[in-house]
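Small disclaimer: the values here were computed from a predicted structure and weren't measured. Both backbone and side-chain heavy atoms feed into the values below; hydrogens, waters and symmetry mates do not. Proteins get letters first, then strands, A, B, ... in listed order; numbering begins at 1 in each.
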2 protein chains.
Amino acid sequence: MITNMKHVKSELEQKGIKPTYQRLCILEYLHEHLVHPTVEMIYDELIERIPTMSKTTVYNTLKLLSEKGVINEITITGTEVRYDINCQSHHHFLCKKCGKIYDVDVTCPFANMDHKEISGHEIQEIHGYFKGICKECLIKQNNE
Amino acid sequence: MITNMKHVKSELEQKGIKPTYQRLCILEYLHEHLVHPTVEMIYDELIERIPTMSKTTVYNTLKLLSEKGVINEITITGTEVRYDINCQSHHHFLCKKCGKIYDVDVTCPFANMDHKEISGHEIQEIHGYFKGICKECLIKQNNE
DNA sequence: TATTAAATCTGTAATGATTACAAATATGAA
DNA sequence: TTCATATTTGTAATCATTACAGATTTAATA
Ligand SMILES: [Mn+2]
Ligand SMILES: [Mn+2]
Ligand SMILES: [Zn+2]
Ligand SMILES: [Zn+2]
């Protein structure tokens, strides 16, 4: 995993996004934290290093990156948006207990569908996720 | 589709929920509006018939029905929860343009998975949905 | 029937995530 | 430098949801 500033910079340039310092830091954060973080998590760490960072900038940047296809928004918790640097269609597991979101490695059956429509609706994205109790939380339960 | 008050009443009783008038009306609404409505939509119609209806009661009742397994919460828009009277695991289509959520009839490949775990995580729910432009919105686009 | 405790409903306030917006700052060309 | 544009920042507003306390209803008991 290459996550130095140079790589992140060229990644933004390739997508036609001006690589400002704030944007570089936010994108770098996403590369280094693959747990599908919230805006809050991103902001809380960056404000330590960049005391002038505004939460609005985090929101603005994530929206921009999302629109340009650099990151994906995950909306499965119902309370807040989670962000994913992995833009390839893949499935997730949401733990009902701790709220963690894991990537799961299942081959999506619809991924290579020949037709990009269903019941007349034009399909642009395919999402799949599981909900339950994660490995860690199961272990905790058993140790009680 | 049977959606008279008697049916709705016995449905609540079977689940051990006291069938109050407000609960009956909310559940009846869900039976008659299969478009995965929001709290707002439910409240806006019921307040016409029952001027004393409180939005808090709508929230409370939907939470109760959800906990008792009478309805399902759908959290795919990222902005508000949508409610589904159909509790059997099925897939959805969310239109990016008009926001409508449709049921789609695809056989879920994970539905009859023999193992109820994945990567050590205990699976309790399986969710799948597509995003794109719905049939209606496609037609509108073409007529411009 | 009257009493009373528990359950339910209601209205308002609080919360938390997100967006709107305008002023401040940085950037980059002329 | 000058000036227009893009970006960032801080604050206020919005919107969905939850917390909470008082009012009302229900149902059991005397
Ligand atoms: Mn992921
Ligand atoms: Mn449905
Ligand atoms: Zn967990
Ligand atoms: Zn549509």
*Kindly say whether the aromatic ring centers of A/Tyr102 and B/His121 come within a distance under 6.0 Å.*
yes

*Quick one: B/Leu12 CG to C/dT8 P, roughly how many Å, whole number?*
12 Å

*asked:* Quick one, B/Tyr59 and B/Val39 - any side-chain contact, counting heavy atoms below 4.5 Å?
replied: yes

Provide a list of protein-nucleic acid N or O atom pairs under 3.5 angstrom, restricted to nucleotides 2-7 of chain D.
unit_1: D/dT7; atom_1: OP1; unit_2: A/Arg23; atom_2: NH1; d: 3.2

_Selection: residues 36-68 of chain B, any non-hydrogen atom under 4.0 Å of DNA chain D_ = B/Thr56, B/Tyr59

*Specify the separation, in whole Å, of atom CD of A/Glu80 and atom C1' of D/dC15.*
16 Å

*Verify the ring-centre separation between A/His31 and A/His7: is it less than 6.0 angstrom?*
yes

*Is the closest basic N to carboxylate O distance between B/Glu117 and A/Lys135 below 4.0 Å?*
no

*Compare every heavy atom of B/Ile17 with every heavy atom of B/Val70, then report the nearest pair and how far apart it is.*
CG2-CD1, 4.0 Å

_Could you work out, with side chain to side chain contact (heavy atoms under 4.5 Å, CB included) as the rule, every residue matching B/Glu40, not counting sequence neighbours?_
B/Thr38, B/Asp44, B/Lys55

*If we only count heavy atoms from C-beta on, is the B/Ile101 to B/Val35 side-chain gap below 4.5 Å?*
no

*How far apart are the closest heavy atoms of A/Glu45 and A/His33, and which atoms are they?*
OE1-NE2, 3.5 Å

